[in-house]
Amino acid sequence: MRIGVIGAGVMGSGIAQVLAQSGHVVHCTDVAEDALAKAHEGVTTGRYGFERAVTRGRLDRAQADAALDRLTFSTDFESAVGEAELIVECVPEKLDLKIKVFRELDRLAAADTILASNSSGFPLASLAASTDRPANVIIWHWASPPVVMKFAEIVVSDDTDPQVIERVREIAAGCGKNPIVVKDHPMAWGYVANRVYAAMLAEAGRVVAEGVASHEEVNQLMVDCFGWPVGPFAMVKGATSGWKD
Ligand SMILES: NC(=O)c1ccc[n+]([C@@H]2O[C@H](COP(=O)([O-])OP(=O)(O)OC[C@H]3O[C@@H](n4cnc5c(N)ncnc54)[C@H](O)[C@@H]3O)[C@@H](O)[C@H]2O)c1
């Protein structure tokens, strides 16, 4: 399948890598040249990139080279969109920006192209309503780092075409993810995972504000108690600035 990824930041670059690794032809586009250069470096020699995947025996050299060949990074938004059967939008979490991008996607993409957003929480209704194809608009919410996390929260409404839901679920499963389809709530931010996470983070913030424990202590306690890979504050840092070595 030909897939366009809009935005080559922390998420877009990793998502583009996963999709290419799963056999899709991917065109990842960004308005910023430096973001594209960084994305290319990340998918080749970064912590979760192809080189390390080969070194660790997760991919063989031929698979890594073929995946890289299927992956294009460029500022050419029109080509990325015009050629695609599925678009995954990964621009920053600003509703006005996402609506602007969705209007452009709707204008440039083929009529049957599926438009998916990796928003962290804006209602599907707000993005679908900005297009003339609400039945073909869906949320496909990934977790960071996309190469590692099996999370695939797929948000749909009564307006979403059942074939679109099935197609996205299939593609996510084909990428080794564990797709869970949930309902859109037009008035709430965060779908399921981030609503529950935000409630926990608010309490963690109160614990620190009350002087009960430091950020580091809260992080460590949650890791030790629940077996989480990192604590709540470290999770926010990783999600916003990437997962360093
Ligand atoms: N970081 C995470 O852990 C995480 C997890 C799940 C979902 N998300 C969501 O994914 C989306 C992207 O987040 P991110 O962390 O990758 O952001 P980021 O800031 O790392 O990357 C966003 C990229 O979009 C580019 N961009 C901005 N406007 C654009 C446009 N009009 N066309 C093309 N590219 C454009 C920017 O130049 C930037 O490179 C957000 O909606 C975020 O909430 C993030």
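First listed ligand is number 1; within each ligand, the first listed atom is number 1. Only a predicted model underlies this, so the values are computations on that prediction, with no experimental measurement involved.
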For Tyr191 and His185, I'd like to know if the aromatic rings sit close, meaning centre-to-centre distance below 6.0 Å. no
Phe77-ligand 1 polar pair, N/O distance under 3.5 Å: no
Please check if atom NZ in Lys177 has more than 12 non-hydrogen atoms from other residues, nucleotides or ligands closer than 6.0 Å. yes
To which of Val236, Val31, Asp34 does the heavy atom nearest atom 34 (N) of ligand 1 belong? Val31
Does the pair Trp140 and Glu89 meet the rule for a side-chain hydrogen bond (donor to acceptor under 3.5 Å, both in side chains), with working shown? CA-CA 9 Å; Trp140 178 2; Glu89 168 276 312; over 6 Å; no
Interfacing atoms of ligand 1 (cut-off 4.0 Å, heavy-atom, Trp142): 5 (C), 6 (C), 7 (C)
Going by side-chain contact (heavy atoms from CB on, under 4.5 Å), name the residues that satisfy it together with Ala109, two or more places apart in sequence or in a different chain. Val81, Thr113, Leu115, Arg133
Does the N or O separation between Asn118 and ligand 1 drop below 3.5 Å for any pair? yes
Do Ala32 and ligand 1 have an N or O pair less than 3.5 Å apart? no
Atom CD of Glu104 with >12 non-hydrogen neighbours under 6.0 angstrom: yes
Which atoms from ligand 1 have a heavy atom of Ala35 less than 4.0 Å away? 39 (O)
Nitrogen or oxygen atoms of Asp30 and ligand 1 under 3.5 Å apart: yes
Any nitrogen or oxygen of His141 lying under 3.5 Å from a nitrogen or oxygen in ligand 1? Just yes or no. no
Heteroatom distance test (Val101, ligand 1): nitrogen or oxygen, under 3.5 angstrom: no
Only heavy atoms count here, so choose which of Pro92, Pro145, Gly238 is nearest to atom 19 (O) of ligand 1. Pro92
Applying salt bridge (Lys or Arg N to Asp or Glu O under 4.0 Å) to Glu41 and not counting sequence neighbours gives none
How about Asp132: does its CG atom have over 12 heavy atoms from other parts shown lying under 6.0 Å from it? no
Can Ala143 be said to touch ligand 1, with heavy atoms closer than 4.0 Å? no
Has Glu78 got more than 12 heavy atoms of other residues, nucleotides or ligands less than 6.0 Å from its CD? no
Could an N or O of ligand 1 be found under 3.5 Å from any N or O of Lys98, whether backbone or side chain? yes
Can a salt bridge be assigned to the pair Glu51 and Arg61 using a cut-off of 4.0 Å between side-chain N and carboxylate O? yes
Against heavy atoms of Ile6, which atoms of ligand 1 measure under 4.0 Å? 32 (N), 33 (C)
For the 3.5 Å polar cut-off, considering only N or O atoms, please tell me whether Ser120 and ligand 1 meet it. yes
